[in-house]
Amino acid sequence: YSISGFRVWLKSKYTTISNLNAAYGGTNYSDFPNVAISPAVVISGPGRIDWYDYHTNLLANFFNEMKSSTHSINANIKYVAQFGSNSDDK
């Protein structure tokens, strides 16, 4: 699920495979389903920040859904979740 979801997320972020190839330093992917997801890419390669952002968004979405579910039962229950970013400029 994470890999296919990540590819969908990349497509929504970069819009075209040409944009992704340029952002990834001149890679030559033919389309988003062929984007390689490997430790070399997501740990130290050009996709590591995207991989981090994607998973941070997944976690944030999960907690937002939990908050909505909790508040649908009792709106007075406090629900707090804090997420940082991968850089100080966000």
Side-chain angles (χ1 to χ4, degrees):
Y1 172 78
S2 274
I3 293 173
S4 62
F6 180 57
R7 289 176 176 141
V8 169
W9 184 87
L10 287 172
K11 186 172 185 177
S12 70
K13 178 177 179 177
Y14 291 102
T15 313
T16 69
I17 199 67
S18 296
N19 291 341
L20 179 126
N21 283 327
Y24 278 31
T27 54
N28 196 26
Y29 297 118
S30 59
D31 55 28
F32 287 97
N34 291 326
V35 173
I37 309 300
S38 68
V41 171
V42 300
I43 293 173
S44 61
R48 71 182 162 76
I49 292 174
D50 282 341
W51 185 252
Y52 176 87
D53 284 348
Y54 169 67
H55 279 92
T56 300
N57 287 331
L58 282 180
L59 190 58
N61 289 340
F62 169 77
F63 279 108
N64 285 333
E65 288 177 24
M66 294 299 295
K67 177 182 174 184
S68 294
S69 296
T70 302
H71 284 171
S72 71
I73 296 167
N74 184 338
N76 294 319
I77 295 173
K78 301 292 182 195
Y79 200 94
V80 178
Q82 181 180 356
F83 298 91
S85 71
N86 58 12
S87 66
D88 292 333
D89 61 351
K90 284 191 174 185

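- In this structure, Asn28 CG and Ser18 OG are separated by 9.5 Å, a value rounded to the nearest 0.5 Å.
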Only distances under 3.5 Å count here; give the side-chain donor-acceptor pairs of residues 58-66 to other protein atoms, sequence neighbours excluded, each with its distance to 0.1 Å.
unit_1 : atom_1 : unit_2 : atom_2 : d
Asn61  : ND2    : Asn57  : O      : 3.2
Asn64  : ND2    : Ala60  : O      : 3.3

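- Residues Ile3 and Phe32 are members of one and the same hydrophobic cluster, defined by side-chain heavy-atom contacts under 4.5 angstrom among Ile, Leu, Val, Met, Phe, Trp and Tyr.
- Atom CG of Asn19 and atom OH of Tyr14 lie 9.0 Å apart (nearest 0.5 Å).
- In this structure, Tyr54 and Phe6 have tilted ring planes: the angle between them lies in the 30° to 60° band.
- Interatomic distance, Lys11 NZ to Asp31 CG, rounded to the nearest 0.5 Å: 8.5 Å.
- Annotation: side chain of Ile17 is in contact with side chain of Val35 (closest heavy-atom distance under 4.5 Å).
- By the side chain to side chain donor-acceptor pair (under 3.5 Å) test, Thr70 pairs with no residue at all, sequence neighbours left out.
- Residues meeting the ring pair (Phe, Tyr, Trp, His ring centres under 6.0 Å) test with His55, sequence neighbours left out: Trp51.
- Formation of a donor-acceptor pair under 3.5 Å by the Asn34 side chain with backbone atoms of Tyr29 is not found in this model.
- For Thr15, the side chain to side chain donor-acceptor pair (under 3.5 Å) test picks out no residue, with sequence neighbours left out.
- Here salt bridge (Lys or Arg N to Asp or Glu O under 4.0 Å) pairs that include residues 15-29, with residues two or more places apart or in two chains, number zero.
- For Lys13, the salt bridge (Lys or Arg N to Asp or Glu O under 4.0 Å) criterion is met by Asp50, not counting sequence neighbours.
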